[in-house]
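All remarks here apply to the structure that follows.
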2 protein chains.
Amino acid sequence: MQNSFEILQNIDLFNGFSEEEIRESIHCLKGYTKKYQKREIIFSKAAPLPTFGIVLTGTIFLSSEDITGSTFIFTELSAGDIVGETALQFTQTGVEYDVTAATDCEILFFHKENIVQPNKVICALRARIIENLFTLLLQKNQELYHKLDIVSHKNLRNKILHYLHLQSQKSDTQHFTIPFSREELANYLIVDRSALSRELSRMQDDGLITFSRNTFQLL
Amino acid sequence: MQNSFEILQNIDLFNGFSEEEIRESIHCLKGYTKKYQKREIIFSKAAPLPTFGIVLTGTIFLSSEDITGSTFIFTELSAGDIVGETALQFTQTGVEYDVTAATDCEILFFHKENIVQPNKVICALRARIIENLFTLLLQKNQELYHKLDIVSHKNLRNKILHYLHLQSQKSDTQHFTIPFSREELANYLIVDRSALSRELSRMQDDGLITFSRNTFQLL
DNA sequence: CACCTCTTGTTGCCTAGGCAACCGAAATTT
DNA sequence: AAATTTCGGTTGCCTAGGCAACAAGAGGTG
């Protein structure tokens, strides 16, 4: 917590909260931060935790490995995003994905009980926290719809274009950097890496895009 | 509303509410029900509404059509599920999907303003409604993760198996009925209908499943 | 019952993209 | 800066599955 109050004041969970209220909320929810190094496992299907978290810095991936051993990246989260919200459900069905650090990162974890079992200990800010969590969930929903929209295309070029357009919109410029390496992008789009490279080259030849490593430009 | 209080008392939105409280909530949120016939459009990308809804009876599809004209079914919703929750976001980004009646159905709509602009008119039950909406959103999240998990498989057989297993779990039996026709299932799994039929036949030959129309049995 | 429509299965054909293998370039380590 | 590892592009091969077209059932209707 120490010196990083600017970060906390800018995340949606504490939207509209004073510094004092943030401190109080963290205390109420038994918040603590933890740092992870790139590639470290944050939590995995095997061992669901009784906590949920907010990404403070860095990037994390939610992914899953299927029977054939190929990985699928559900989504990529960064500062302000909620992770592990499935823990907040009454009917605990276990986590469906692995969470790993895509870059070095820091996460603020909270115990869930004061959210889901309010009858025990209640803190004055709980209702406002719930409202902000509500907003975070809506964002996550939106994100998941987008993801489904992207992978719903039957052909590779449209998948790629759809993804790149969304990224371009997000960064509000034609020239942008994506948070994925080539292999990661392939796992995100559920395609083969070599097929992805091949199609990207074709798209460049066709004058649709230019790119170099993970920076792209839509033409 | 009239005579269908049993339905209302069983949906999660009104979990823990007395009959009187349900009535009050509906008034506060300006709730009204509307019936749709099979195949009717409930709302579409083109015209986002300022309302969200809860399915009371029947089944609805969230779907989207891509540039090439093929339809993709995001998910299928039934009694108690929330629809149009994207309307509850501050940053209105428009609906990303079309909503259509998969069967004759009835939906309870609410105006969103008393949820997202609480400073105007406030009603005593708002906080509890938010809490229940929160739960509904968590369920929807879970549902979307499942959907992503299903379509993440690169090969058709695994997609089908994953879907059928989830359905089997839901209905808690080996012998179950799915809410999709063959073509709808193909659009849900993002595959070609004939390829789906072919693979289902092969799976039956291989002794993995038996089926007839939309009832299946896992072996 | 005859007619029509809607749904599902089947099959031939063909191509998009999966898989494997290799190579050079970039990044990281020592 | 040499050594090593990681990453991206390329290419040949091959098959899963998309597409189109047809046929057979099922169900609905007059």
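Naming convention: chains lettered A, B, ... in sequence-line order (proteins, then strands); numbering from 1 in each chain.
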Original post:
In terms of heavy-atom contacts, does NE2 of His175(A) have more than 12 from other residues, nucleotides or ligands at under 6.0 Å?
Top reply: yes

Original post:
If you measure only the distance, is there a donor-acceptor pair under 3.5 Å linking the side chains of Ser64(A) and Lys45(A)?
Top reply: yes

Original post:
In whole Å, what is the span from the CD atom of Glu199(A) to the C1' atom of dT11(D)?
Top reply: 15 Å

Restricting both atoms to N or O, compile the protein contacts to nucleotides 6-8 of chain D shorter than 3.5 Å, with distance only.
| from | atom 1 | to | atom 2 | distance (Å) |
| --- | --- | --- | --- | --- |
| dG8(D) | OP1 | Arg182(A) | N | 3.0 |
| dG8(D) | OP2 | Arg182(A) | N | 3.0 |

**OP:** Check whether NZ of the Lys or CZ of the Arg Lys147(B) lies under 6.0 Å from the centre of the six-membered ring of Tyr163(B) and within 45 degrees of that ring's axis.
**Re:** no

Original post:
Got a sec, which residues hit ring pair (Phe, Tyr, Trp, His ring centres under 6.0 Å) with Phe176(A), two or more places apart in sequence or on another chain?
Top reply: none

Original post:
For Gln139(B) and Gln89(A), does a side-chain donor sit closer than 3.5 Å to a side-chain acceptor?
Top reply: no

Subject >> Gap between atoms CG and P, on Asn158(A) and dG18(D) respectively (whole Å) >> reply: 15 Å

**OP:** Could you check how far NZ of Lys154(A) sits from P of dT15(C), rounded to whole Å?
**Re:** 18 Å

**OP:** Find which nucleotide of DNA chain D each of Ala195(B) and Ser201(A) is nearest to by heavy atoms, and output the residue with the more 5' nucleotide.
**Re:** Ser201(A)

**OP:** Starting at atom CD of Gln204(A), determine the distance to atom P of dG9(D), rounded to an integer number of angstrom.
**Re:** 9 Å

**OP:** Check the distance between dA16(C)'s C1' and Arg202(A)'s CZ and give it to me in whole angstrom.
**Re:** 8 Å

Subject >> base_contact_polar (dG17(D) base, Arg157(B) side chain, donor-acceptor, <3.5 Å) >> reply: no

Subject >> Distance below 4.0 Å between Ser194(A) side-chain N/O and dG17(C) OP1 or OP2 >> reply: no

Original post:
Asp192(A) has an atom CG; how far is it from atom P of dC14(D), in whole Å?
Top reply: 17 Å

**OP:** Convert the base pairs of DNA chain D into dot-bracket notation, remembering that pairs crossing earlier ones are written with [ ] and that bases paired across to another strand are shown as |; include only Watson-Crick or G-U pairs under 3.5 Å.
**Re:** ||||||||||||||||||||||||||||||

**OP:** Quickly work out the Arg198(A) CZ to dC19(C) P distance and round it to whole Å.
**Re:** 12 Å

Original post:
Taking the six-membered ring for Trp, is the centroid-to-centroid distance between Tyr145(A) and Tyr97(B) below 6.0 Å?
Top reply: yes

**OP:** Can you tell me the distance, in whole Å, between the CG atom of Asp66(A) and the C1' atom of dG18(C)?
**Re:** 14 Å

Original post:
Once the angle between the rings of Tyr32(A) and His111(A) is folded into 0 to 90°, is it parallel (under 30°), tilted (30 to 60°) or perpendicular (over 60°)?
Top reply: tilted

**OP:** Mind listing the closest non-hydrogen atom pair of Phe72(B) and Asn187(B) along with its distance?
**Re:** CD1-O, 3.3 Å

Original post:
Between Phe52(B) and Phe43(B), is the gap from one ring center to the other below 6.0 Å?
Top reply: no

